[in-house]
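Nothing here was measured: the structure is a model prediction, and the numbers come from that model. Every chain is numbered from 1, with letters handed out A, B, ... down the list of sequences.
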Amino acid sequence: MTQSNDAPAKFGKGSHLHLIDGSAFIFRAYHALPPLTRKSDGTPIGAVAGFCNMLWKYIQDSSGADAPTHAAVIFDHSSKTFRNEIYPEYKANRPELPEDLRPQFPLTREATRAFNIACIEQQDYEADDIIATLACQARAAGGTATIISSDKDLMQLIGDGVDMMDPMKNKPIGPDEVFEKFGVTPDKVVDIQALAGDSVDNVPGAPGIGIKTAALLINEYGDLETLLARAGEIKQPKRRQVLQDNAELIRISKRLVQLDCNTPVEFTLESLEVQEPNHEALLDFLSRMEFRTLTNRVADRFGKEAPAVTVSTPAAVTAPAGSVELPPINREAYVTIRDAATLKDWLAEIATLGAVAVDTETSGLDEMEADLVGVSLSTGPGRAAYLPLGHVDGAADLFGSGDLAPGQMALAEALALLKPMLEDPATLKIGQNVKYDWKIFARHGIRMTPVEDTMLMSFALNAGGGIGHGMDALAEAHLGHQTIPIKELIGSGKSQITFAQVPIDKAAPYAGEDAEVTWRLWHFFRPQLGPNAVTTAYRTLEVPMIPVLADMEMAGVKVDTDHLARMSNAFAQKMAQLEDEIHGLAGEKFNVGSPKQLGEILFDKMSLQGGKQGKTGAYSTSADVLEDLAAEGHELPGRVLDWRQISKLKSTYTDALQTHVNKETGRVHTSYSITGAQTGRLASTDPNLQNIPVRTDEGRRIREAFIAPAGHKIVSLDYSQIELRILAHVADIPALKQAFRDGIDIHAMTASQMFGVPVDGMDPMIRRRAKAINFGVIYGISGFGLARNLRIPRAEAQAFIDTYFERFPEIRAYMDRTVEDAKRDGYVRTLFGRRIMTPGINQSGPAAGGARRAAINAPIQGAAADIIRRAMIRMPEAIRGIPARMLLQVHDELVFEVEDGAVDQLITAARAIMENSPDPAVKLSVPLVVDAGQGANWAAAH
DNA sequence: GCCCTCACG
DNA sequence: GACGTACGTGAGGGCT
């Protein structure tokens, strides 16, 4: 048999394979080092630094006679494996990944490739099984394998041709070491582990039996099956009983610890041949990570000049730094991908780079209904491609055939090629508003990870900063670039077409531009996160919301359309009746829904008191005004108020909600905007499910239409007084904090302190006033505003406020401090480090008032938003295994759909997450309290 | 496309 | 003494 020089040497006798346990390296590195961050942008980098050091040390140590001919670093890919099917609790007690570790995973893959060592991971398989499989294959081929790890779970593999090496102690692990640890030979290790269990991986084992006892038993009976078969012979009654009672659990445990030598691996041993690192690529990577010492050390070793490790200086958020050095965008340069070979070329390049900007084009804006029409990719300035998938044939479409245009890859084939890249933990997917694309891909069975989002970067840097976070605005502001308006392709209004009908040659420049602009924005924003100290906020409060919200939105909520339709009908009748009455009282017919006409009727024709308002010169007919008129004894305004309430309920809710029911799912799917509110609150659109009525009885009936399917309940959990609790904490108000700790009625306490009356038997009116002040203070209260709210004289309101600040002087101090901070810095921050810009705070005159109040409110409202975000991010993991889904968020409330039998379990788990949400980032000096309710519908759950 | 009004926290 | 007047949102209907 001959071999060409190009082909790698056959793996066989004399070949020596090193298998490096990459995940163990990462965790060791992470815990061994302080939480380092990259200077230029604040990216957490400690684990990567440790990982690179260990890898470099390993390479230095493993030269010489027993140097490997082949090597690979193996990583865990996902937490769910076949073992979870055998035993759902497997590894279920693992603590959550530290927030600053996960983002380092892709970089460790990149590092491995930079060292030119094969980097292996496979969906649904643990690293240990891949290691076992490769070790078995190496042995079978006549070669040998060394496992670089100290993980006891791998010790079962030691034997002829397979040994282990502890990378930290730099010391071999052989049968003697194994015997020392387990008291048996390596081939019996699984039996020991099956009996003794493992609290780290949550392998149950036999209760009360540890390694010592297990070794005793196995050495006596030979192996596990014999032991179990002859358990009756055991003399100690307790031990005998345990083995007999738990035989099945022990067998399950054995299947959990036994590694699988038959993992279907997608490569050959030959492909793992050791390669000399590409000096330049490695040095480039190390210097980009800003590892000074290691860069110098490696350069020294290679006999090269170390590249400068430069730490870029902070750039102003609005300075178009990225656009200066990059060539202008050329839309005509883009590639159109029409076949698998071209796509594969792009995927290969993307794998090398480890990052790609991705954008999807769809036939509409509703991610739950729109079809995927194309995907664009960009790997850098001037490098973008458009992959058309669902464009229809223009000519054929005239006849409504919907035939696909020629020259497009089959959707299934393209997605099958894209999926591994989109799910590859080592490839960063960069998008603008990634949640949209995430959902489109999710509908095709792809869960895109890891992701970066330029919209969220913009929000982390510049929330409240006056410019939006949409791509067009960002391109304009930061790149000085005008994007093609979508109108130019699809038109607008009646003659608007869908993107599927746009010819491919017109679509490609547009789509490619979106991807390239996204890439450039990423390039622009990324180095600014660190210097502006928003990396943590971006990585812990923004990006992780993407999959959580996407899953909630895709789940949707079940709505009883019959109930809504009946209400609509009843409302229509009632409105008609009220209209008749109103027309009768007015003496003429007019459009009750027109404020203009109503104003003329009230103030001109009927000559009621109430002035003009606003620049438009129109009369105000707001509820306030009408209520005052009604209180004076006029009948018509009261009727109009009734009519308005019903009209609102009908048009905005009972009618509109029905039209939002998805045809396929039969449910209503809202869309949450992560950047919608500058304080960090979410905003819900299409439809807005955050303003479903609740304050009036009539309105609350609309919540009855939000139902759980058969066998399920709606469960609602909401934070009690969260903003006031945050105020008590941040303003450090002892009286308020104590009241919350004691769990007493906070408004009554406030009233008692202000007016010197006891809480017991308090006049409800007094409490109401205190409540209004408590809320008002959060918003930057004024005497005028409170007077209007409570309908009391302005002087009286001002007196209340004065008393309040006298009694709680810390609040005034907090407000002053916050405004000062905002004036000095141009922004304020929440407890969790989210930054909210405060433009206009240094203005003078009335305009400054609004900016001041917004600055005072933002840290409070923002911290509350952060707290519920943290809870939502942790929720999927916390309720895994409970038959429940998180469906809705309403600022301080989370709504779930739960199987009947699991309601209490869900409430316990979700409440714990919500009440402890600030941990460990912030230790609140007041308790958080979460109230829970359940029922067949949302009204009942409240 | 703006304004008014009103639904929510 | 006047200004404007509680924070944050989204949606529907009227009107230009």
Q. For atom P, what is the distance between C:dG1 and B:dC6, given to the nearest Å?
A. 36 Å

(Q) Can you measure A:Phe459 atom CZ to C:dG8 atom C1' for me and round it to whole angstrom units? (A) 11 Å

Q | Nearest-Å distance for atom pair CG/C1', residues A:Asn857 and C:dT5 | A | 15 Å

Q | Aromatic ring pairing A:Trp938/A:Phe706, orientation class (parallel under 30°, perpendicular over 60°, tilted between) | A | perpendicular

Q: Quick one: label A:Ala623 by what it contacts on the DNA or RNA (base, sugar-phosphate, nothing), any heavy atom closer than 4.0 Å.
A: sugar-phosphate

(Q) Could you tell me how far apart A:Tyr672 (OH) and B:dC8 (P) are, to the nearest whole angstrom? (A) 16 Å

Q. What is the distance, rounded to the nearest whole Å, between atom CD1 of A:Ile778 and atom P of C:dC7?
A. 13 Å

Q: Quick one: label A:Ala772 by what it contacts on the DNA or RNA (base, sugar-phosphate, nothing), any heavy atom closer than 4.0 Å.
A: base

Q. Between atom CZ in A:Arg869 and atom C1' in C:dG8, what is the gap in whole Å?
A. 13 Å

Q.
Between A:Gln573 and A:Asn569, is the side-chain hydrogen bond (donor to acceptor under 3.5 Å, both in side chains) condition met? List the steps.
A. CA-CA 6 Å; A:Gln573 285 186 21; A:Asn569 287 335; over 6 Å; no

Q) Checking all strands, does A:Gln645 fall into the base, sugar-phosphate, or nothing category for heavy-atom contacts under 4.0 angstrom? A) sugar-phosphate

(Q) Rounding to an integer number of angstrom, what distance separates C:dT5 and B:dC4 when you compare their P atoms? (A) 12 Å

Report all side-chain donor-acceptor pairs from residues 849-857 of chain A shorter than 3.5 Å, counting only partners two or more places apart or in another chain.
residue: A:Asn857; atom: OD1; partner: A:Gln861; partner atom: NE2; Å: 3.3
residue: A:Asn857; atom: ND2; partner: A:Ile778; partner atom: O; Å: 3.2

Q.
In this structure, how many angstroms lie between the C1' atom of B:dG9 and the CG atom of A:Leu894, rounded?
A. 13 Å

Q) Rounded to whole angstrom units, what separation is found between the CD atom of A:Glu893 and the C1' atom of C:dG8? A) 17 Å

Q: May I have the step-by-step check of salt bridge (charged side-chain N to carboxylate O under 4.0 Å, His left out) for A:Asp745 and A:Arg767, ending in yes or no?
A: CA-CA 10 Å; A:Asp745 179 335; A:Arg767 183 181 179 279; 2.8 Å; yes

(Q) I need the A:Thr483 OG1 to A:Glu488 CD distance, nearest 0.5 Å. (A) 9.5 Å

(Q) It should be established whether A:Arg788 places a side-chain nitrogen or oxygen under 4.0 Å from OP1 or OP2 of nucleotide C:dT5. (A) no

**Q.** Rounded interatomic separation in angstrom, taking CG from A:Asn789 and C1' from C:dC7
**A.** 13 Å

Q. How would nucleotides 9-16 of chain C be written as a contact map, 5' to 3', with B for base contact, S for sugar-phosphate-only contact and - for no contact, using protein heavy atoms under 4.0 Å?
A. SBBSSSS-

Q.
Need one value for A:Arg695: base, sugar-phosphate or nothing, where a base atom within 4.0 Å counts as base even if backbone is also close, heavy atoms only.
A. base

Q.
So A:His660 and A:Gln658, do their side chains get closer than 4.5 Å, heavy atoms only?
A. no

Q: Quick one: look up who C:dC3 pairs with, Watson-Crick or G-U, both distances under 3.5 Å, and put none if it's unpaired.
A: none

N/O to N/O distances under 3.5 Å, protein versus nucleotides 2-4 of chain C:
none

Q. How far, in whole Å, is B:dT5 from C:dA2 if one measures between their P atoms?
A. 26 Å

